2 protein chains.
Amino acid sequence: MGVTKTEIFTDEQNRIADLAKAFAHPARVAILQLLAQKKACVCGDLVDELPLAQATVSQHLKELKRIGIIQGEINPPRVCYCINETVWEEARHVFGSAFDTYVATTRCC
Amino acid sequence: MGVTKTEIFTDEQNRIADLAKAFAHPARVAILQLLAQKKACVCGDLVDELPLAQATVSQHLKELKRIGIIQGEINPPRVCYCINETVWEEARHVFGSAFDTYVATTRCC
DNA sequence: TTTGATTATCGTATTATTACGATATAAGTT
DNA sequence: AACTTATATCGTAATAATACGATAATCAAA
């Protein structure tokens with residue numbers, strides 16, 4: 001994609017961008033909704049609910065794990081996935097703050 | 001990127017993903033922060049504040065406009081950009097709801 | 001009408017993302 | 001040890017995103 005120059009932005013800006021990426025694909029939104037609502041944590045359950053190949057789901061789970069918003073507990077041959085509450089609250093706070101920075105004032109357009 | 005199968009997801013899931021994309025790049029986060037805090041709407045001002053080429057900033061602005069979270073009023077040779085309050089509130093609501101779906105309960109991991 | 005100022009678009013190189021089949025891995029079970 | 005089950009990773013094709021220089025477009029002013 002062309003080199004995103006992460007070094008020229010603040011840590012906060014890069015973190016927001018990363019957290020937003022968790023929600024920036026409908027499949028990941030679906031996964032997060034499932035994990036947030038139920039506690040259906042097993043990967044196979046997610047594969048059943050999503051019309052995507054097992055490899056694709058696993059790849060999305062890996063990305064969500066990288067961001068930190070989900071965690072997995074290995075219990076072979078299964079892996080139990082769930083929301084990481086700490087990061088979930090971090091995201092809630094980060095986005096909440098971001099939206100609150102909007103100053104309602106007369107704009108030029 | 002491989003064809004994202006938008007048709008297999010709900011409208012809501014696709015909308016969340018799209019709104020998240022607005023924040024999924026640090027440059028766009030920076031632009032949104034600037035527009036939300038100040039009312040420095042002119043494209044040139046943004047180019048001055050960001051260490052990116054004018055063409056790159058314009059491209060990010062186009063993407064934000066596509067999502068709808070910003071709007072631009074043409075006033076040649078300038079364009080005045082600002083937050084679209086309606087979509088901003090939509091995003092606040094959509095993410096707020098998403099985070100509230102988390103059911104705090106005993107998880108398996 | 002030409003110039004100047006500002007922004008958009010084009011062209012394009014580079015890199016990231018998405019998807020899926022195939023295969024590897026891991027640990028319990030027989 | 002061989003088999004089964006569930007998940008991860010590899011390989012790879014297709015496509016989207018990022019960045020920037022160059023150029024076009026737009027309208028006011030000279």
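Lettering of chains follows the sequences in order, A, B, ..., and the numbering in each one begins at 1. Everything numeric here is computed off the predicted structure, so don't read it as measured data.
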Nearest whole Å is fine: how far is [N] [atom2] from [X] [atom1]?
| X | N | atom1 | atom2 | result |
| --- | --- | --- | --- | --- |
| A:Glu73 | C:dA26 | CD | P | 18 Å |
| B:Lys21 | C:dA16 | NZ | P | 18 Å |
| B:Arg66 | C:dT9 | CZ | C1' | 17 Å |
| A:His25 | C:dA16 | NE2 | P | 18 Å |
| B:Leu52 | D:dC20 | CG | C1' | 10 Å |
| B:Arg28 | D:dT18 | CZ | C1' | 9 Å |

* **Upstream residue (5' side of DNA chain C) when A:Ala24 and A:Asn75 are each assigned their closest nucleotide** => A:Ala24
* **C:dA19 phosphate, OP1 or OP2, under 4.0 Å from A:His60 side-chain N/O** => yes
* Taking the side chain from A:Arg78 and the backbone from A:Gly44, do they hold a donor-acceptor pair closer than 3.5 Å? -> no
* Asked: What residues form a side-chain hydrogen bond (donor to acceptor under 3.5 Å, both in side chains) with A:Asp100, not counting sequence neighbours?
  -> B:Arg92
* To do: Would you mind telling me which residue lines up with the more 5' stretch of DNA chain D, B:Glu63 or B:Pro51, judged by nearest nucleotide?
  => B:Glu63
What nitrogen or oxygen pairs link the protein and nucleotides 6-12 of chain D at under 3.5 Å?
unit_1, atom_1, unit_2, atom_2, d
D:dA6, O4', A:Pro77, O, 3.2
D:dA6, O3', A:Pro77, O, 3.4
D:dT7, OP1, A:Cys43, N, 3.1
D:dT7, OP1, A:Gly44, N, 3.3
D:dT7, OP2, A:Gly44, N, 2.9
D:dA8, OP1, A:Tyr81, OH, 2.2
D:dA8, OP2, A:Ser58, OG, 2.9
D:dA8, N7, A:Gln54, NE2, 2.9
D:dA8, N6, A:Gln54, OE1, 3.1

* Structure fact -> In B:Val42, B:Ile70, B:Leu64, the residue satisfying side-chain contact (heavy atoms from CB on, under 4.5 Å) with B:Tyr81 is B:Ile70
* Return the orientation label for the B:Phe23 and B:Trp88 ring planes: parallel under 30°, perpendicular over 60°, tilted otherwise. =>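 If you compare the ring of B:Phe23 with that of B:Trp88, the planes turn out tilted.
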* Salt bridge between B:Glu63 and B:Arg66, side-chain N to carboxylate O under 4.0 Å? -> yes
* **Side chain proximity check, A:Leu52 to A:Leu46, heavy atoms < 4.5 angstrom** =>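 They are not in side-chain contact.
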